Amino acid sequence: VLSRSCLSDLREDDAPPCTAENKPAIESQCNVLNSDKFKACHSFVKPDDFIQICVYDMCRYDGMKSALCDIVQVYVDTCRNYGVTIKWRNSTLCPLPCPHHSHYTDCVSNCPSTCNNIFASSLCEKTEECTEGCECDDHYVLSNGKCVPLSDCGCRDDDNNYYSVSRLSAEHISGCNA
């Protein structure tokens, strides 16, 4: 027989586990969501709950910046669902590290140019959807997940087979259309 009475709540208090020393600094960092940078979204998504979660998580993980960046990213993604795009990352606020010969952009192509298809991004169907990320610098394209100079790309033969530079032999070179 199941009891219909409620059990007492034995959980610890949900107050953020901050120290008196680190709480003001953490609250200040999380309050970035109240700044003008995010204002365009405030009428759609109130930042208060996100700030509260941010403070809790940052206190819980001793001020770990990735907790701040993660909650800001969730806020920005939620805003995007309402049609509000926010450019928020910079060199001091949650910079997104990019590999060599690439750079951060708030809207990357869904089909970047590669050695295998250097015209992919220009032929790609343009959509309103975009996501932040890293894209190759000018005169560089993706090859096996890395940005390489166009000159390091291989070529295609008359049958449209692609050969990477490392796989090119004398017989392939003569049949390639560089």
Side-chain angles (χ1 to χ4, degrees), residues 1-114 120-121 124-138 140-148:
V1 176
L2 293 174
S3 169
R4 295 190 185 262
S5 63
C6 293
L7 297 174
S8 62
D9 187 355
L10 300 175
R11 293 177 296 177
E12 291 181 29
D13 190 4
D14 281 344
C18 281
T19 64
E21 297 84 44
N22 69 3
K23 190 172 183 182
I26 286 173
E27 286 176 334
S28 173
Q29 291 175 72
C30 292
N31 273 320
V32 70
L33 290 173
N34 276 325
S35 71
D36 287 346
K37 187 176 289 211
F38 301 93
K39 196 174 199 167
C41 188
H42 289 171
S43 61
F44 299 100
V45 182
K46 301 285 182 227
D48 300 343
D49 290 342
F50 292 86
I51 292 168
Q52 195 174 358
I53 293 166
C54 176
V55 170
Y56 184 90
D57 287 355
M58 285 191 73
C59 287
R60 180 98 179 122
Y61 298 106
D62 201 27
M64 191 165 55
K65 290 280 191 232
S66 62
L68 168 69
C69 298
D70 288 349
I71 199 68
V72 172
Q73 183 63 60
V74 171
Y75 183 80
V76 168
D77 291 344
T78 304
C79 292
R80 188 176 292 129
N81 292 338
Y82 287 89
V84 179
T85 302
I86 300 172
K87 297 178 181 182
W88 65 281
R89 290 186 192 266
N90 59 41
S91 60
T92 57
L93 179 61
C94 305
L96 190 68
C98 291
H100 288 302
H101 308 298
S102 68
H103 59 277
Y104 169 80
T105 182
D106 59 317
C107 188
V108 295
S109 171
N110 289 330
C111 25
S113 297
T114 64
S121 62
C124 183
E125 188 175 315
K126 303 292 183 215
T127 64
E128 294 298 314
E129 301 258 334
C130 81
T131 185
E132 66 176 358
C134 300
E135 69 180 5
C136 293
D137 295 338
D138 288 343
Y140 285 81
V141 294
L142 275 178
S143 179
N144 296 321
K146 296 178 182 174
C147 293
V148 299

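Since we're looking at a predicted model, the values are computed, not measured. All residue numbers in this chain count up from 1 along the given sequence.
Cys94 is listed as a side-chain neighbour of Arg89, based on a closest heavy-atom distance under 4.5 Å. Put simply, the side chain of Cys30 does not reach to within 4.5 Å of the side chain of Ile71, judged on heavy atoms. Residues Ser113 and Cys136 form no side-chain contact, since every pair of their non-hydrogen atoms from C-beta on lies 4.5 Å or further apart.
The two residues Met58 and Gln29 have their closest heavy-atom pair at CE-OE1, 3.7 Å. Of all non-hydrogen atoms in Asn90 and Lys37, the two that sit nearest each other are ND2-NZ, 3.3 Å. Scanning both residues, Tyr75 and Val45, for their nearest heavy atoms gives OH-O, 2.7 Å. Counting all heavy atoms, side chain and backbone alike, Ser91 lies closest to Pro95 at O-CG, 3.7 Å. Contact between Ile26 and Cys18 at its shortest, heavy atoms only, is CD1-SG, 4.3 Å. Listed here is the closest heavy atom pair of Gly133 and Leu96: CA-CD2, 3.9 Å.
Listed for the Thr78 side chain is a donor-acceptor partner under 3.5 Å among the backbone atoms of Val74. Between the side chain of His42 and the backbone N or O of Leu33, at least one donor-acceptor pair lies under 3.5 Å.
Between the SG atom of Cys111 and the CG atom of Leu142 there is a distance of 11.5 Å, given to the nearest 0.5 Å. Rounding to the nearest 0.5 Å gives a distance of 9.0 Å between CG of Asn31 and CG of Asp48. The distance from the CG atom of Leu93 to the NZ atom of Lys65 is 9.0 Å, given to the nearest 0.5 Å. Separating the NZ atom in Lys46 from the SG atom in Cys41 is a distance of 9.5 Å, to the nearest 0.5 Å.
Remark: Thr19 pairs with Glu21, Asn22 by the side chain to side chain contact (heavy atoms under 4.5 Å, CB included) rule, at least two apart or across chains. With sequence neighbours left out, Asp49 forms a side chain to side chain contact (heavy atoms under 4.5 Å, CB included) with Gln52. Residues passing the salt bridge (Lys or Arg N to Asp or Glu O under 4.0 Å) test with Asp62, sequence neighbours excluded: none. The ring-ring contact (aromatic ring centres under 6.0 Å, His included) check on Tyr140 picks up His101, with sequence neighbours excluded. Scored by the salt bridge (Lys or Arg N to Asp or Glu O under 4.0 Å) test, Glu135 finds no partners at all (sequence neighbours excluded). Applying the ring-ring contact (aromatic ring centres under 6.0 Å, His included) criterion to Tyr82, with sequence neighbours excluded, gives Phe44.
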- Task: Could you give me the CA-CA distance, side-chain angles and deciding distance for Gln73 and Asp77, then say whether side chain to side chain donor-acceptor pair (under 3.5 Å) is met?
- Result: CA-CA 6 Å; Gln73 183 63 60; Asp77 291 344; 2.8 Å; yes
- Determine, stepwise, if the pair Cys147 / Val141 fulfils side chain to side chain contact (heavy atoms under 4.5 Å, CB included). CA-CA 5 Å; Cys147 293; Val141 294; over 6 Å; no
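The environment of CG in Asn144 is sparse: at most 12 heavy-atom neighbours from other residues, nucleotides or ligands sit within 6.0 Å.
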